[in-house]
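Hydrogens, waters and symmetry mates play no part in the numbers below; they use all other heavy atoms, side chains included. None of the values given here were measured: they were computed from a predicted structure.
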Amino acid sequence: MQTDALLAGLNEEQKQAVQGHDGPILVLAGAGSGKTRVLTHRIAWIIASGKCTADEIMAVTFTNKAAGEMRERLEELGIPDVHSGWIGTFHGLGARVLRREAEHLDLKRSFIIYDADDQKRTMKLLLEEYGHPDSSRISPALMLATISRAKNAFLGPTEFALAATKEFEHIAADIYTSYTAFLRENNAVDFDDLLMLPVLLFQAYPMVLDYYKNKFKYILVDEYQDTNRAQYHFLKMLSSGHRNIFVVGDDDQSIYRWRGADLRNILDFKKDYPDAQVFRLEQNYRSTSVILDAAHSVIVNNRNRHEKKLWTERRGGELVKVLQTGDGNREAAVICEMIMQELKRHRRDLRDFAILYRTNAQSRVLEEALRRAVIPYKIVGGLRFYERKEIKDVLAYLRLVVNPLDSISLRRVINFPSRGIGDVSLGRVQQFALDQHIPLFDALRRADDINGLSARVRSALKSFHGFISKYTELKGKITISELSSALVEETGMLHMYKEEGTEESRSRIDNIRELLNAIYEFAQNRSDATLDTFLEEVALVADVDSLDSSASAVTLMTVHSAKGLEFPVVFIAGLEDGLFPLLRSAETRDDLEEERRLFYVGTTRAKETLYLSWAKRRRTYKDTVRSKRSRFLAELDSDLVEVKEFDVPAYPETYQRPYRTTRKKRQTDDFEQVMPDYENFSQDGSGDTIPVGAEIRHPSFGVGVVQETSGRGENLKIKVYFKDEGLKTIVVKYVKIDIL
DNA sequence: CCTGGGATATTTTTT
DNA sequence: ATATCCCAGG
C-alpha cells in the first residue's frame with residue numbers, strides 16, 4: 001500500500017491534515033470541504049504507514065450511515081481488516097464497551113436499550129410510586145429531560161443531589177436515584193447511559209481503562225462540534241496515554257446543544273491541548289459561490305464562532321430563490337411546481353431534490369401536495385417503522401425472551417393479546433415481587449403464592465411465564481428467524497388481527513411480516529446475528545441510516561437529519577419567525593445562534609440551487625397564525641437573492657383541492673374574505689370537496705359513502721357509511737381521505 | 001375484576 | 001392517529 005497514492009486528489013490543506021504528525025490534531029472543516037474524506041484518508045494513511053493496524057483504530061462518527069460509508073471507502077482504498085477497527089457511533093461503541101465489560105457494572109451482557117417510550121413508561125411508574133405531594137404535578141417528560149441533561153453534563157445522581165438547591169432539584173435528584181436503580185433492576189440502560197456508563201467504568205476500573213487505552217493507538221472523531229461533556233471525557237480518557245486524538249468539526253454546524261452538545265469542546269480544544277496542530281479546510285467542493293456567500297452572510301451574525309470564510313472554484317451560480325407564499329398549502333404547491341419546472345428545464349432526476357423543514361409536523365402538507373402532483377417522495381423520520389404499535393409489541397416479546405428482567409416490556413405484552421390479566425391483578429403480582437425482593441417476571445411463576453387472585457388469573461400468569469421461558473430456553477438452539485416466527489405465531493397476534501379483518505389490521509399483519517423478514521435478512525447478513533444484536537441494532541439505527549440515495553424520489557426530512565448530506569436542489573420550507581427560527585417561550589441569544597447554525601446547515605446542503613420558502617399564514621395543529629418572514633431571510637445578502645411572490649392563499653388545508661393559479665382577489669388583511677367558504681364548497685359537488693353522497697377511501701376502513709358533513713376548516717367532520725364498519729364519524733384533519 | 005367505548009391531550013430537533 | 005383516562009356493563 002503506497003502512502004502517496006492516498007494523497008492523490010487531495011488539496012494542500014487536506015494533505016497536511018492527513019499527514020499530521022502524532023499528537024492532538026484539530027481540523028476545522030467547513031461545510032462541504034471534504035472532512036469525511038480527510039478522516040478516511042487519515043485512517044488509511046496511518047495504517048499504510050505502518051503506525052498501527054486496523055484493530056488499533058477507533059473512529060467515531062455521528063450516524064451509522066457515515067460509519068458504513070467510511071468502512072466502504074477504507075476497503076476501496078485497500079486497507080486490510082477494516083472490519084476489525086472500531087468504527088461506529090458514540091452510542092454504538094459505548095454499547096460495545098458495556099457489553100464486554102458488563103460484569104464490572106451492575107449489568108448483564110444481555111441488557112436492553114430503553115428508548116424514549118420505555119423511558120416515559122418507566123418514569124410514570126416511578127412518579128406514581130414516589131408519592132410526593134407534588135409528584136402528580138411533575139410531568140414525566142420534564143423529569144426525564146432533567147435527568148438527561150444531568151447525564152449529558154456527566155453528573156450522576158449523587159453529584160446532581162449535591163448541586164441541587166431548589167425544591168424541584170431535590171425531588172429530581174431523588175427520582176434520578178430511583179430511576180437509575182430501576183434501570184439496573186431491569187437490566188436496561190438508556191441512550192445517555194451508553195455515553196456515561198463507559199466513562200464511569202473507566203473511572204472505577206483503571207485496569208479496564210488501561211486495556212482500551214493501549215488497544216486504541218489512534219482515535220479519530222467526526223462532527224466533534226456535537227459532542228457533549230460525557231463524550232468529551234470518554235475521548236479524553238481513552239487518548240490520555242498517547243494523545244493521538246484527531247478531531248474534525250465545524251463550530252458553525254453545531255446543532256445539538258439541546259441534547260447536551262457543548263461548543264466548548266471544539267472552541268477550547270486548543271486550550272486543552274496547547275500543542276495541538278490545527279488545520280483549516282476552507283475550500284468548499286459542494287456548492288456554488290452564490291450559495292456559500294449567502295449562507296455566510298447569515299452565519300456571520302453569530303458571535304460565538306471561529307471566524308472563517310469558505311471559498312469555491314465554482315464562481316457564480318443561480319441566485320437563491322425566496323418563495324413568498326400565502327399559506328402553508330400554497331407553499332407546498334409552489335414547491336411542487338418548482339420541482340416540475342426543474343425536472344423539465346434542467347433534466348434533473350427526482351433524487352436530486354430535498355425538501356427540508358424545521359419540524360416533522362410540516363411534512364404533512366408537503367406530502368399531500370406531492371401526492372396530488374404525483375411526485376414520488378420518500379420521507380426520513382417522523383413515524384418510524386420500529387415505532388409502530390404492532391412492531392413495538394413484537395419487539396417487546398423478543399426483548400422479554402432476551403431479558404426477562406425487563407418489566408417495561410413485560411407490562412406491555414402480558415395482556416396483549418388479552419389474557420384476562422388486568423391492572424389490579426398485575427398490581428398484586430407487583431406487590432408480591434416487591435415483598436419477596438424478586439423480579440416481576442419470577443413472581444409470575446409463583447402466582448399460586450399470591451393472595452387475592454382468581455384461579456383463572458393464576459393460571460394465565462403461570463402460562464405466560466412458561467410461554468416466555470420456553471423461548472428463552474430455545475434461544476441459541478434454533479435460528480433467530482425461526483424463533484421469532486414461532487413466537488409471533490404463538491402470541492396469537494396474527495390470528496387476532498386476521499379476525500378483525502379491517503384494512504388497518506391487514507396492514508399491521510403486513511408490518512409484522514416485514515419485521516420477521518428483516519430479522520431473517522439480518523441473520524443472513526451478519527455473522528454475529530443473535531436476538532441481542534438485532535435488538536441493539538433496532539435501538540441504535542436511525543432513520544437516515546437507511547436512506548437509500550439511489551431510489552428515484554424526492555427526499556423529505558428535517559434539517560437536523562440532513563446534516564452530512566448534499567443535494568443538487570434544496571428547498572427549505574417554513575422560513576417564518578417563530579417556526580425557523582423556532583422560538584419557544586424563553587428565547588436566549590444562544591438558542592437563536594443555534595437556530596442560525598441550523599439554517600446554515602440547511603443552506604449548505606445545496607450544490608446548485610437553493611429555494612427558501614415561507615408562508616404568510618400557517619395552520620398549526622391548533623389554529624391558523626399570521627407569520628412574518630424569518631429574520632434569516634432578512635440577513636441574507638440581498639444581491640444574492642431573487643424573490644418570487646405567490647401571495648394568494650390556497651384552499652383550506654383540511655380537504656384536498658388542487659390550487660388554482662387564477663387570482664381571485666388580492667391579498668387582504670381579512671383571512672375569512674379570501675378563504676373560500678366551506679359550506680358553499682361542500683354543497684356544490686365540484687368533485688374535489690367532500691359533498692354528501694361522495695365515495696371516499698379511508699386508510700383503515702376502506703371505501704365508504706359520505707352521509708353527512710359538519711364543521712368547517714380544520715374541524716370538518718364527516719359521517720361515512722362503510723360496508724364493513726358501519727357508520728363512522730371522521731375528523732378529516734387527522735386522516736388522509738381520498739375522494740373517489 | 002376485566003373489557004371496551006368514548007372523550008381528551010398530544011407535536012422541536014434525535015442517538 | 002395514538003395513547004391514556006374515565007365510566008358503564010358483563
Give, for atom CG of A/D226 and atom CG of A/D262, the distance between the pair rounded to the nearest 0.5 Å.
-> 11.0 Å

Kindly point out which of B/dT14, B/dT12, C/dT2 is positioned nearest to the side chain of A/Y256?
-> B/dT14

Using only side-chain N and O atoms of A/S425, determine if any of them is under 4.0 Å from OP1 or OP2 of B/dC2.
-> yes

Quick note, A/R259 side chain, CB onward, closest among B/dC1, B/dT12, B/dT14 is B/dT14

To the side chain of A/R428, which of C/dC5, B/dC1, B/dT13 is closest?
-> B/dC1

May I ask you to say what A/N64 touches in the nucleic acid, namely base, sugar-phosphate or nothing, with a heavy-atom cut-off under 4.0 Å?
-> nothing

A/V424 side chain: which of B/dT14, B/dT13, B/dC1 is closest?
-> B/dC1

Could you say whether A/H91 or A/G452 is positioned toward the 5' end of DNA chain B, judged by the nucleotide with the nearest heavy atom to each?
-> A/G452

Between A/V457 and A/L540, the residue closer to the 5' end of DNA chain B by nearest nucleotide is A/V457

Answer yes or no on whether A/K151 is positioned over the face of A/F191, meaning its NZ or CZ is under 6.0 Å from the six-membered ring centre and within 45° of the axis.
-> no

Could you name each residue pair satisfying side chain to side chain donor-acceptor pair (under 3.5 Å) that touches residues 415-427 of chain A, not counting sequence neighbours?
-> A/Y397-A/R419

From B/dT15, C/dC5, B/dT13, pick the nucleotide closest to the side chain of A/K124?
-> C/dC5

Atom CG of A/L598 to atom P of B/dT12: distance rounded to whole Å?
-> 15 Å

Shortest side-chain distance from A/H560, nucleotide among B/dC1, C/dC5, B/dT14 | B/dT14

Where the side chain of A/N360 is concerned, which of C/dT2, B/dC2, B/dT14 is the nearest nucleotide?
-> B/dT14

Choose from C/dT4, B/dT3, B/dT14 the nucleotide whose nearest atom is closest to any side-chain atom of A/S418.
-> B/dT3

Are A/S561 and B/dT13 close enough that a side-chain N or O sits under 4.0 Å from OP1 or OP2?
-> no

Please determine, for the side chain of A/R121, which listed nucleotide (B/dT13, C/dT4, B/dT15) has the closest atom?
-> C/dT4

At under 4.0 Å, does any side-chain N or O of A/N152 touch on OP1 or OP2 of B/dT15?
-> no

Do the side chain of A/R605 and the main chain of A/V601 share a donor and acceptor less than 3.5 angstrom apart?
-> yes

Short side-chain N/O contact from A/R419 to OP1 or OP2 of B/dC2, under 4.0 Å = no

Value rounded to 0.5 Å, distance of OG in A/S627 from CZ in A/R617 = 9.0 Å

Would you mind reading off the distance between A/R456 atom CZ and B/dT3 atom C1', rounded to a whole angstrom?
-> 11 Å

